[in-house]
Amino acid sequence: MPQPRFAFAPSGLLPAATAAVFALVLAASAVSGGNWREPLLLAAPLPLLAALLGRIHARTARPAAGLDTALVRGGLLYGLLALALAAVDVLAQVRLAELLSPLASNPIEGREALKGWLLAAGHTIYPRAEPAYPRLITLYPPLYYLVAAALTTVTGPGLLAGKLAALAGGALMLASLFGLGRLAGGSLAGLLAALAFFVTPEAGNAFVCKPDTLAVGCLLAGILAFEAGRRNPGTWLFLASGAFVALAYLGKQQIWPLAAAFGAALFAYRLPGAARRAALLGLFAAGVGLALAAWAVFGADIARQTILFPQAMTGLGTDNSAASALSRVQAYGAGHGPLLAAYAGWLFLCLLRRRLPLADLLLLVYVPFLWRTLMWGGSDTNHFLLVSAVASLGAASLAGSLAGSLAGSLATVPPVQKAVAMLALAGLIPAGISLHRPAALPLSPPPAAVAEAAAVRAALAAIPGPVLMDAEGAYLFAGRPDFARLRLYDAFETDMYDRLGLAPLSASPMAADIVGRRVARFVDSQVFISRKLTALVALYYEPAERVGRYAFYRPRPDTGRIAVPVADRVARSDGGWTAVVAEARNSRNWGSYIQADDPKAPLVLAYAVTGPAPARTASASYCPRLTEPGQRVVVIAATADGRELARAKHEYGDFPQRGEGFDNRVSLDFAPDADRFTVTFELHGAAQLWLDSVQPLVFGATETPAGDGN
């Protein structure tokens with residue numbers, strides 16, 4: 001009797017060989033084309049084609065079931081191979097280098113690692129809003145810092161402890177995704193979920209000093225304990241689920257709405273009363289206990305910095321916009337389109353089944369809060385961490401569900417489901433992957449980064465005296481003798497506190513140190529520095545050393561540098577030099593600037609500057625603004641007897657029409673060779689002269705050295 005054309009045993013050697021060959025063909029196509037997703041997309045209809053041919057050429061559908069089963073298993077092998085190679089690729093190209101580098105790759109990670117070390121050394125990281133130094137304002141709850149502090153006792157100071165704390169959170173995420181995927185579709189689905197998430201850009205947050213992975217990792221661990229508890233009688237898993245979610249609450253503010261949603265969800269699922277009570281007990285007992293412990297250790301300022309401060313930040317209209325959120329959502333969608341399409345298929349399947357897993361429920365609750373977070377101009381990939389994790393889990397679960405749990409028999413699964421399962425697999429796989437052998441993985445710090453770190457440390461060691469530096473860049477000096485000379489401030493939060501009026505910069509001890517030129521160097525590690533602080537430093541410091549991303553500024557050499565924040569008749573002094581208004585006519589004060597009271601007549605403002613010794617050089621630094629044709633600003637430097645030393649003339653068109661006068665700062669330099677001189681400002685039309693406490697009018701004078709006859 002003739003055999004059907006496609007007859008072979010589904011569980012025999014031939015289907016296994018067919019699956020392996022199919023996987024190798026797909027892999028060869030991907031290697032030759034340099035794109036790993038498209039071969040699987042093109043091969044997805046093959047199970048349908050095999051079933052169709054089997055029904056046409058055979059009396060039964062069994063041979064077709066055997067062939068399309070082999071095709072799907074080949075697709076699974078290919079998917080695992082592609083994801084494994086993607087994991088090696090991303091490790092080799094980016095993540096191991098970031099993990100091992102002594103330099104920060106993200107603007108904020110230096111300050112997070114430093115705060116872990118400070119906490120381990122017994123310092124508070126939630127001080128009051130206006131300390132002298134360190135001027136620290138910690139936005140995040142303490143879970144990450146506590147873990148980093150514990151790891152610091154093993155690794156010592158530097159970035160490594162902070163990175164390992166984030167990596168521990170990443171490992172917890174991967175383990176939880178594997179466990180959840182295994183529950184949904186078998187071990188193979190768990191592997192697919194974990195690997196698919198690992199190769200997303202968002203997983204890179206596990207290799208930099210950020211608190212997000214620990215927070216999301218604890219949340220996913222709580223979800224895993226909940227789902228495992230639903231399948232296994234007993235209450236301890238539900239108790240653990242609530243405790244893990246409460247611990248996530250201590251990780252980052254974005255988790256807080258999800259902790260409340262978790263508590264509400266306990267009443268949406270069919271659970272035994274004892275299980276529900278255990279989960280609630282774990283959530284509230286652990287939550288209250290952790291909150292009280294944090295309050296006892298860090299004091300009331302932890303609430304001010306982690307609750308009141310973020311709430312106030314949302315009120316900054318210039319930094320929060322729907323357009324910003326929309327652009328980030330569009331960028332995320334463009335980079336994760338196939339994954340999101342596969343996840344949408346999973347949600348559709350959940351709708352058909354009328355059964356929504358807890359992870360997906362919490363993600364749907366998270367979406368409106370995510371939108372509000374993305375409105376902040378400084379949001380980054382870390383805010384999509386939960387989205388990518390749950391989407392990877394959902395896509396892997398879709399493939400597992402449609403392919404009969406992947407590890408079981410596929411013979412009874414309809415060909416359409418097998419084809420859709422392969423499409424879901426394609427959504428998990430990134431497109432471009434280059435091949436790397438394990439030996440190619442970088443297992444030592446990048447030499448260039450090591451050299452740059454050593455050069456920065458050497459540059460600071462050569463500078464005597466105190467140094468004012470942002471906390472974001474000070475991690476290189478933690479645990480070293482030079483650290484004691486650093487006066488630290490949080491660059492980003494200092495700007496935010498100033499803009500919100502919580503701790504004005506102009507009234508801070510740091511501003512007084514800058515104005516008084518009391519530190520040997522101001523160091524900017526090229527992270528977050530406010531425009532106001534930049535302007536203040538530029539008035540009293542000048543560029544000095546530059547090593548890598550670290551820019552050093554030394555005090556300007558002027559003997560006296562007199563700041564005039566408002567045009568009044570108050571005499572102001574610095575370094576023995578004094579400036580006072582000698583003449584003022586037709587002047588009107590508008591707050592941030594002065595202008596002619598009668599535009600038809602010129603505004604005249606003359607300052608007499610005197611000192612204890614002749615000045616070899618002098619300067620006047622000022623901020624004019626001209627808004628219409630015919631406006632003019634003339635600045636004249638002269639000796640005490642009226643002899644002109646220098647003149648500057650500014651007319652309409654010399655400066656941009658938009659912005660403020662503070663954007664137009666200019667300086668008139670001259671050589672008085674005397675212990676007194678005058679500087680006169682003449683404003684014609686409605687021309688403006690801008691000045692305030694941070695951007696004042698400044699007169700500088702450098703005395704002639706003793707014995708210098710020139």
Side-chain angles (χ1 to χ4, degrees), residues 104 106-112 115 126 129-130 135-141 202 205 208-212 215 252-257 301 303-333 366-387 470-473 489-508 510-511 524-537 591-592 656 658-663 692-695:
N106 185 281
I108 72 166
E109 67 171 331
R111 77 178 186 206
E112 311 303 350
K115 288 178 180 179
Y126 299 99
E130 191 52 62
R135 186 183 172 92
L136 299 179
I137 304 160
T138 302
L139 175 65
Y140 305 123
E202 291 68 39
N205 289 283
V208 296
C209 303
K210 285 187 175 183
D212 303 80
K252 202 147 188 272
Q253 290 92 332
Q254 282 78 15
I255 303 297
W256 295 355
D301 288 287
R304 295 190 184 98
Q305 295 190 20
T306 63
I307 300 176
L308 302 181
F309 177 33
Q311 287 180 347
M313 287 172 62
T314 62
L316 291 173
T318 57
D319 295 272
N320 294 270
S321 68
S324 177
L326 180 60
S327 66
R328 283 171 170 79
V329 170
Q330 290 174 336
Y332 181 81
Y366 179 66
V367 167
F369 296 97
L370 173 63
W371 175 265
R372 186 63 190 86
T373 302
L374 295 177
M375 291 177 64
W376 173 251
S379 59
D380 202 354
T381 59
N382 55 318
H383 296 120
F384 287 102
L385 196 63
L386 181 64
V387 180
D470 52 73
E472 287 84 348
Y489 75 100
D490 264 333
F492 174 74
E493 278 78 6
T494 292
D495 180 36
M496 287 296 103
Y497 258 54
D498 176 66
R499 294 172 60 190
L500 293 168
L502 300 175
L505 175 64
S506 58
S508 68
M510 181 174 70
D524 175 20
S525 67
Q526 306 296 300
V527 287
F528 300 104
I529 183 169
S530 71
R531 172 185 167 191
K532 185 180 291 187
L533 182 57
T534 301
L536 188 64
V537 170
S592 295
R658 295 184 177 182
E660 299 178 336
F662 296 139
D663 301 325
D692 65 11
S693 58
V694 176
Q695 297 261 34

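Numbering of residues begins at 1 and proceeds along the displayed sequence. As the structure is a computational prediction, the values presented were derived from the model and not from experiment.
Side-chain N or O atoms of Glu109 include none that pairs as donor or acceptor with a backbone N or O of Ala104 at under 3.5 Å. A donor-acceptor contact shorter than 3.5 Å links the side chain of Asp498 to the backbone of Leu505. A donor-acceptor pair is defined here as one N or O able to donate and one able to accept, closer than 3.5 Å; such a pair exists between the side chain of Asn106 and the backbone of Ile108. Between the side chain of Glu472 and the main chain of Ser525, no donor-acceptor pair closer than 3.5 Å is present. Side-chain N or O atoms of Ser324 include none that pairs as donor or acceptor with a backbone N or O of Ser321 at under 3.5 Å. Looking only at distances, a side-chain donor or acceptor of Gln253 sits under 3.5 Å from a matching main-chain atom of Leu139.
For Asp470, there are no salt bridge (charged side-chain N to carboxylate O under 4.0 Å, His left out) partners two or more places apart in sequence or in a different chain. Partners of Gln695 by side chain to side chain donor-acceptor pair (under 3.5 Å), not counting sequence neighbours, listed by chain and number: Arg665. Applying the ring pair (Phe, Tyr, Trp, His ring centres under 6.0 Å) criterion to Tyr140, with sequence neighbours excluded, gives no partner residue. With sequence neighbours excluded, no residue forms a salt bridge (charged side-chain N to carboxylate O under 4.0 Å, His left out) with Asp495.
A heavy-atom distance below 4.5 Å is found between the side chains of Gln305 and Tyr497. Under the 4.5 Å side-chain criterion, counting only non-hydrogen atoms from C-beta, Thr306 is not in contact with Thr138. Taking the side chain as every heavy atom from C-beta outward, Arg304 and Leu502 never approach each other to under 4.5 Å.
Sequence neighbours left out, the pairs with a member in residues 366-385 that pass salt bridge (charged side-chain N to carboxylate O under 4.0 Å, His left out) are Lys210-Asp380. Among residue pairs with one or both ends in residues 305-319, those qualifying as salt bridge (charged side-chain N to carboxylate O under 4.0 Å, His left out) are Asp319-Arg499; sequence neighbours excluded.
Note on ring orientation: taking the six-membered ring where Trp is involved, the planes of Phe384 and Tyr332 are parallel (angle under 30°, cut-offs 30° and 60°).
Taking all atoms of both residues into account, the shortest heavy-atom contact from Val527 to Pro107 is CG1-O, 3.5 Å. Here the closest non-hydrogen pair linking Pro141 and Trp256 is CG-CZ2, 4.1 Å.
Using a 4.0 Å cut-off between a side-chain N of Lys or Arg and a carboxylate O of Asp or Glu, Glu493 and Arg111 qualify as a salt bridge.
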